[in-house]
Amino acid sequence: MRRDTCGELRREAAGRKVVLAGWVHRVRDLGGVTFVDLRDASGIVQLVLRDAQSAHLAREDVIRIAGAVRLREAPNPALPTGEIEVEIETIEVLSHAKPLPLGVAEEGTPSEETRLRYRYLDLRRPRMQRNLRLRHRTALAIRQYLDGEGFTEVETPMLTRSTPEGARDFLVPSRLARGTFYALPQSPQLFKQILVTSGVERYFQIVRCFRDEDLRADRQPEFTQLDLEMAFLEEPEQLFPLLEGLVAHVFRKTIGVEIALPLPRLPHAEAIARYGSDKPDLRFGMEIADVSETFAGGPFRVFADVVAGGGAVRALPVTGGATKSRGELAKLESVAKGHGLPGLAWIKTGEEITSSLGKHVPSETLSALAARAGAQNGDLVLLAAGKPDIASTTLGDLRLRLADELGLIPQDRWGLAWIVDFPLFKAGEGRLESEHHPFTSPRAEDLSLIEREPLKVRAKCYDLVMNGVELASGSIRIHRRELQEQIFRILGIGPEEAERRFGFFLRALEYGAPPHGGIAFGLDRWVMMMAAEESIREVIAFPKTTTGACPLTDAPSIVDDGQLKELGLRLEP
RNA sequence: GGGGACGUGGUCUAGGCUGGACUAGGACACCGGAUUGUCACUCCGGAGACCGCGGGUUCGAAUCCCGUCGUCCCCGCCA
């Protein structure tokens with residue numbers, strides 16, 4: 001028996017006999033006639049049931065009907081199928097549904113736990129169906145594009161070796177080799193480098209990754225990356241056009257948005273200086289200005305001293321912010337104090353200029369400052385003085401908070417840009433750490449600094465930011481063992497430790513490894529933003545709660561003693 | 001590891017600050033009845049909650065206090 005689809009019936013189908021199956025979305029019983037909205041994956045169509053047939057139908061019952069399509073007496077323009085209805089001839093209840101713990105046809109949102117416990121009902125809701133579909137189309141568009149560019153999707157192991165660097169690993173005990181453990185991959189980083197070394201010149205994979213860290217709205221213990229790597233790359237710019245083409249293709253094929261190419265490139269230092277963030281939200285202005293010169297040796301002693309001591313004074317214009325009250329300004333100051341600044345000065349522009357520095361700084365200077373910061377009449381200017389990076393990132397934090405509060409962030413833009421020229425290292429606790437990861441290549445022209453001034457070495461690495469979120473992150477890799485070992489040493493990983501943990505990888509570099517590089521996209525975040533959702537749980541079929549639990553299956557769970565015994569494990573009380 | 005918000009019939013919530021007529025109110029869902037053109041159908045009637053759990057304060061606790069569990073958000077953490 002061939003089945004028709006509910007959502008695709010139009011007026012041309014009038015007169016046709018159809019067989020439909022689906023879920024009872026809503027029932028409207030008018031006595032002599034009953035209307036049933038029948039839902040399947042394609043959409044909703046109205047069925048008409050005459051009194052003689054009055055089968056008792058409940059919401060979410062699964063039914064199959066045969067009937068005739070006909071034009072409606074009163075069309076419903078709100079429904080794609082609104083011009084027709086199906087007069088039922090025979091009806092069959094395939095499966096009965098109990099009263100529901102959450103409404104599939106209702107607008108309201110039940111608690112997260114109820115939604116996850118009854119995820120099969122939650123996922124039936126049109127919004128979730130749309131999200132699942134969007135995710136599928138995203139993955140499909142990625143595969144189409146990359147296939148067209150000569151990429152090969154290769155799977156890498158889920159049971160692999162623990163290389164405890166960065167996040168905490170999920171461990172899997174080995175039964176065959178008691179006392180040893182596999183780890184679930186945090187990313188296929190080393191495997192993809194080995195694959196290009198293996199002659200797979202263009203590799204990609206849509207792959208699950210695992211990190212045992214605390215959860216957030218945009219973080220799950222298992223998440224999906226679009227991972228890719230290419231051989232014979234030596235500079236980031238060699239990779240960007242292809243990635244930009246990918247991003248534009250995906251936006252076009254999924255949500256029909258055209259992305260203007262090429263994307264802007266923003267050096268890391270400039271991103272910090274102008275936006276106070278290494279993942280700036282570029283959908284709006286309010287750029288931070290450096291006003292240190294105005295204060296150098298100038299009227300306000302506190303700021304002059306900061307500048308004399310190598311610090312900076314930075315200014316953030318806040319569009320329409322002159323209406324902020326003293327109380328609100330005090331709250332902003334407490335945010336600044338949270339970042340370690342002693343205070344936060346302000347200037348309000350308007351018919352009269354007012355400022356927390358009014359007693360110390362003449363009003364012409366204040367006007368000049370406001371103009372320098374790009375403030376218009378009615379704007380607020382916030383001034384932060386301190387170590388240059390701290391002054392900037394503090395204002396960057398305030399920039400985001402205030403723009404959100406004042407409704408200045410346009411929701412219909414995508415704010416995409418490459419952030420380039422990250423430093424290779426950052427100062428950790430008593431030692432250097434990788435800014436990106438230890439396999440990132442330094443920029444050739446900075447190699448001479450690597451021993452003397454490592455913090456000044458720039459990396460061949462890059463982030464793709466979108467709307468203030470890190471969408472993708474990648475680098476040109478090190479492909480020579482000597483340099484890799486040198487980097488390990490600077491990071492405090494000695495030769496024995498390097499051999500023990502990464503020996504397999506270092507060996508691979510000794511047998512003809514091409515220069516290579518790649519990137520990894522956070523697929524969940526990407527789909528989340530295209531779906532205009534606030535949490536990646538909305539675009540993952542079966543996500544975990546903030547404590548890492550799955551209310552549907554009640555994982556994680558205790559296991560039988562027998563299972564533990566086989567693995568040679570004993571639990572501490 | 002730390003901070004915050006929330007937890008009331010199946011679902012969403014009002015009440016909580018200011019304890020007493022709260023015998024816990026409403027909407028949706030559910031059950032029964034009416035209903036031949038609805039589309040979030042409508043109308044009438046009904047059942048369903050010891051207010052997450054435990055303890056305390058009080059003559060009296062949904063309400064105040066402590067603990068605990070759960071959910072969410074944030075900081076730390078996430079090379």
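All values below come from the heavy atoms of this structure, side chains included, with hydrogens, waters and symmetry mates left out. Numbers restart at 1 for each chain; the letters A, B, ... are given by sequence-line order, proteins then strands. Note that this is a predicted model, so its numbers are computed, not measured.
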message: Between C1' on B:G2 and CG on A:Asp214, what's the gap in Å once rounded to a whole number?
response: 11 Å
query: Where the side chain of A:Asn76 is defined as all heavy atoms beyond and including C-beta, which of B:C12, B:U71, B:C39 is the nearest nucleotide?
result: B:C39
message: Below 4.0 angstrom, which residues in residues 216-223 of chain A have at least one non-hydrogen atom near RNA chain B?
response: A:Arg216, A:Ala217, A:Arg219
message: Taking the P atom in each of B:C73 and B:U13, what is the distance between them to the nearest angstrom?
response: 16 Å
task: Return no unless some side-chain N or O of A:Thr547 is found under 4.0 Å from OP1 or OP2 of B:G70.
output: no
task: Could you tell me whether A:Asp29 contacts a base, only the sugar-phosphate backbone, or nothing, with contacts defined as non-hydrogen atoms closer than 4.0 Å?
output: base
field: Whole-angstrom distance between B:C53 and B:C43, as gauged at atom P
entry: 35 Å
A:Phe284 six-ring face occupied by A:Arg399 cation (under 6.0 Å, within 45°): yes
message: When you measure only distances, ignoring hydrogens and angles, does the side chain of A:Glu113 come within 3.5 Å of the base of B:G7 through a donor and an acceptor?
response: no
field: Gap separating the CZ atom of A:Arg72 from the CG atom of A:Leu79, nearest 0.5 angstrom
entry: 6.0 Å
message: We want to know whether A:Gln225 and A:Ser187 form a side-chain donor-acceptor pair, criterion being a heavy-atom distance below 3.5 angstrom.
response: no
field: Aromatic plane relationship, A:Phe240 with A:Tyr462 - under 30° parallel, 30 to 60° tilted, over 60° perpendicular
entry: perpendicular
- request: Could you please name the option among B:C78, B:C73, B:G37 that lies closest to any side-chain atom of A:Arg70?
  value: B:G37
Base of B:U71 paired with side chain of A:Arg117 (donor-acceptor, under 3.5 Å): no
field: 5'-most by nearest nucleotide on RNA chain B - A:Leu79 or A:Leu102
entry: A:Leu102
query: Which sits closer to the 5' end of RNA chain B, A:Ser111 or A:Arg59, going by the nucleotide each is nearest to?
result: A:Ser111
